[in-house]
Amino acid sequence: MGFQDKKKILLAYFSGTGGTKRIVETFENQLLKNRHSVLSYPIEGSFASTMKTEQTRIVESIDLLILFFAVHAFNAPLPVKNWIKTLPHVNNIDASVISVSGGGESSFNKVSRGESIKALEKKGFRVFYETMMIMPSNWVIPTPDHIAIRLIRCLPKKAETITDDILSGKTKRTKTNPVARFIASGISHLEQKGTKKFGKGLRILDTCTQCLWCVKHCPMGNISFGDEGITFGEKCIICFRCIYGCPSSSIHATRANFMVLKQGYDPDQLEKRMDQVELLPLEVCAKGFLWKAVKSYLSD
Ligand SMILES: Cc1cc2nc3c(=O)[nH]c(=O)nc-3n(C[C@H](O)[C@H](O)[C@H](O)COP(=O)(O)O)c2cc1C
């Protein structure tokens with residue numbers, strides 16, 4: 001099997017803070033260069049039944065689905081799992097799954113695609129290719145600038161290699177370790193239980209200008225504005241879009257605050273900051289176990 005002819009390709013993605021979205025845009029450019037017909041689709045919020053009918057019509061007409069998502073606690077974020085449930089049953093449509101992490105293809109991160117792949121297969125998709133891409137980390141430990149900028153700059157090359165693989169029909173499936181699967185699944189369950197609490201612990205600071213950016217951009221529609229000002233509901237998935245995206249940096253997490261990067265998260269700013277900087281060799285800036293998988297991805 002191969003994809004030499006013009007194909008109809010759906011790029012469905014969930015991106016909390018824009019890293020995965022940037023990857024999808026790079027894929028879109030690459031696929032359009034090859035004259036394929038491409039539809040990029042952000043997986044956000046809940047689906048009205050009219051949208052579901054439209055979605056079914058689109059999905060049934062495609063030749064290939066490529067699903068991208070940011071890794072959240074070694075798994076796909078909830079909207080991705082929910083979205084797959086809304087898909088129609090199809091007859092062997094080809095699919096690929098690309099997870100996007102800050103840490104790379106470690107044993108635990110490898111597990112991140114398993115549940116989504118199984119769910120897609122149950123719907124009748126033929127998942128023949130899966131891989132991991134890396135963007136700067138948006139939680140707990142920031143990616144050092146000299147590594148982060150390399151991750152951004154290598155995107156076009158990576159997208160070219162991966163689209164070539166996928167379009168030539170290359171099979172790539174990952175074997176995962178059962179112990180890693182067990183531990184990762186436990187952590188993922190804990191994370192999903194904690195998301196509600198995290199969301200309830202979000203506070204608005206006095207610096208808020210009530211621009212309502214957060215209300216408009218929350219992927220879960222979890223932030224409202226009313227008599228009590230801005231309030232947070234029970235549907236938070238800890239994507240950090242509101243915290244990092246708030247134009248006046250006025251959203252503060254009172255629970256599990258260690259996960260939020262103190263300096264914020266803004267790859268566009270990083271690119272500007274690093275524009276004229278001479279990069280340190282990878283051996284110097286990506287030392288140690290923590291960056292092993294990232295170093296191997298960048299050395300590829
Ligand atoms: C709640 C949460 C959990 C995360 N879990 C992981 C993880 O298990 N492994 C990892 O390598 N990165 C993890 N990350 C980092 C993101 O996967 C990474 O920064 C990704 O590039 C974010 O993509 P986005 O900008 O499209 O949201 C996590 C981020 C968040 C917010």
Side-chain angles (χ1 to χ4, degrees), residues 11-27 40 42-44 67-80 98-116 131-144 147-152 154-155 158 176 180-181 183-199 201-202 217-220 235-245 251 253 255-261 263-270 289-297:
L11 307 179
Y13 67 95
F14 177 84
S15 177
T17 54
T20 310
K21 184 170 181 225
R22 211 180 242 243
I23 288 181
V24 172
E25 285 162 359
T26 315
F27 270 73
S40 294
I43 299 168
E44 303 212 345
L67 172 65
F68 301 78
F69 56 80
V71 175
H72 280 188
F74 314 128
N75 207 328
L78 189 65
V80 174
I98 299 178
S99 54
V100 179
S101 73
E105 193 77 317
S106 63
S107 310
F108 291 136
N109 277 343
K110 261 185 197 167
V111 176
S112 61
R113 298 176 294 269
E115 204 177 317
S116 308
T131 196
M132 168 75 74
M133 292 186 73
I134 311 178
M135 283 299 272
S137 167
N138 65 358
W139 79 321
V140 189
I141 300 170
T143 307
I147 304 179
I149 196 69
R150 281 186 164 88
L151 291 171
I152 292 172
C154 77
L155 273 184
K158 289 277 178 194
T176 53
R181 273 204 306 272
I183 297 173
S185 137
I187 293 175
S188 164
H189 274 99
L190 282 179
E191 192 250 4
Q192 287 195 0
K193 278 195 173 159
T195 53
K196 217 191 228 182
K197 281 195 178 157
F198 179 87
L202 291 173
H217 289 88
C218 172
M220 299 301 289
K235 293 185 288 185
C236 179
I237 53 160
I238 322 190
C239 75
F240 294 157
R241 189 185 295 178
C242 61
I243 296 180
Y244 297 140
I251 301 182
R255 292 180 186 152
N257 187 251
F258 71 91
M259 290 195 295
V260 182
L261 302 183
Q263 67 272 49
Y265 182 76
D266 189 340
D268 293 341
Q269 278 299 327
L270 173 83
F289 179 73
L290 197 60
W291 303 108
K292 197 171 160 226
V294 179
K295 191 174 161 192
S296 139
Y297 173 86

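Each ligand, and each atom within it, is numbered from 1 in the order the structure gives. No hydrogens, no waters, no symmetry mates; every other heavy atom, side chains included, goes into these values.
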Note: ligand 1 atoms sitting under 4.0 Å from heavy atoms of Gly103 are 10 (C), 11 (O)

Asn109 versus ligand 1: do any nitrogen or oxygen atoms come within less than 3.5 Å of each other? yes

Strictly distance-based, threshold 3.5 Å: is any side-chain N or O of Arg113 a donor or acceptor partner for the main-chain N or O of Ser99? no

Per-atom filter on ligand 1: closer than 4.0 angstrom to a heavy atom of Val100 are 17 (O), 20 (C), 21 (O)

Within reach of ligand 1, part of Met259 (heavy-atom separation under 4.0 Å): neither

Any side-chain to backbone donor/acceptor pair from Ser15 onto Lys21? Under 3.5 Å, distance only. yes

Would you call Gln263 and Pro142 a side-chain contact if the rule is heavy atoms closer than 4.5 Å? yes

Given that the side chain starts at C-beta and the backbone is N, CA, C, O, which of these parts of Pro136 lies under 4.0 Å from ligand 1, counting heavy atoms, or is it both or neither? backbone

Have a look at ligand 1 and work out which part of Trp139, if any, has a heavy atom under 4.0 Å from it: side chain, backbone, both or neither. side chain

I'd like to check whether Ile237 has a polar contact with ligand 1, where a contact means an N/O of the residue lying under 3.5 Å from an N/O of the ligand. no

Note the single closest protein heavy atom to atom 21 (O) of ligand 1, along with its residue, its atom name and the distance in Å. Met135 CB, 3.5 Å

Polar side-chain atom of Asn75 near backbone of Ser188 as donor-acceptor pair, under 3.5 Å: no

With ring centroids as reference points, do Phe240 and Phe198 lie under 6.0 angstrom apart? yes

Check each heavy atom of Ala73 against ligand 1 and say whether those closer than 4.0 Å belong to the side chain, the backbone, both or neither. backbone

Using modelled atom types and a 3.5 Å cut-off, is there a donor and acceptor pairing between side-chain atoms of Thr143 and backbone atoms of Ile147? no

Do the side chains of Glu105 and Lys292 get close enough for a salt bridge, i.e. N-O under 4.0 angstrom? no

Candidates Thr20, Leu151, Thr17; heavy atom nearest atom 26 (O) of ligand 1 found on Thr20

Nearest protein heavy-atom contact for atom 12 (N) of ligand 1: which residue, which atom, what distance? Gly102 N, 3.3 Å

Is there a donor-acceptor contact under 3.5 Å from the side chain of Tyr244 to the main chain of Leu261? yes

Short list, please: which atoms of ligand 1 are under 4.0 Å from a heavy atom of Ser101? 10 (C), 11 (O), 17 (O), 18 (C)

If we only consider heavy atoms of Glu191, is any one of them less than 4.0 Å away from an atom in ligand 1? yes

Charged tip of Lys158 within 45° of Tyr297 ring normal and under 6.0 Å: yes

Residue, atom name and distance, where the atom is the protein heavy atom closest to atom 30 (C) of ligand 1: His72 CD2, 3.6 Å

Taking everything shown except His217 itself, do over 12 heavy atoms lie less than 6.0 Å from its NE2? yes

Indicate whether the side chain of Thr17 and that of Arg241 have a donor and an acceptor atom separated by less than 3.5 Å. no

Using a 4.0 Å cut-off to any heavy atom of Gly19, which atoms of ligand 1 qualify? 24 (P), 25 (O), 26 (O)

Taking atom 16 (C) of ligand 1 as the reference point, the nearest protein heavy atom with its distance: Asn138 OD1, 3.5 Å

The protein heavy atom nearest to atom 1 (C) of ligand 1 is Ile238 O, 3.3 Å

Heavy atom under 4.0 Å from ligand 1: found in Ile134's side chain, backbone, both, or neither? neither

Going by the atom numbers of ligand 1, which of them fall below 4.0 Å from some non-hydrogen atom of Phe240? 31 (C)

Atom 17 (O) of ligand 1: the protein heavy-atom neighbour that sits closest, reported with distance to 0.1 Å: Val71 O, 2.7 Å

Can you find a heavy atom in the side chain of Met133 that is under 4.5 Å from one in the side chain of Leu155? yes

Min N/O separation Phe74 to ligand 1 under 3.5 Å: yes

Regarding ligand 1, does Gly104 bring an N or O atom to under 3.5 Å of one of the ligand's N or O atoms? no

Run the ring-centre check on Phe68 versus Phe14 and record whether the distance is less than 6.0 Å. no

Under 3.5 Å: N/O of Phe14 near N/O of ligand 1: no

Answer yes or no: are there more than 12 heavy-atom neighbours, outside Leu290 itself, under 6.0 Å from its atom CG? yes

Relative to the heavy atoms of Ser15, which atoms of ligand 1 are at a distance of less than 4.0 Å? 24 (P), 26 (O), 27 (O)

Check for a donor-acceptor pair, side chain of Arg255 on one end and backbone N or O of Leu202 on the other, with a separation under 3.5 Å. no

Which of the atoms in ligand 1, numbered in the order shown and given with their element, are less than 4.0 Å from a heavy-atom of Gly16? 24 (P), 26 (O), 27 (O)

List ligand 1 atoms under 4.0 Å from Ala70, heavy atoms only on the residue side. 22 (C), 23 (O), 24 (P), 26 (O), 27 (O)

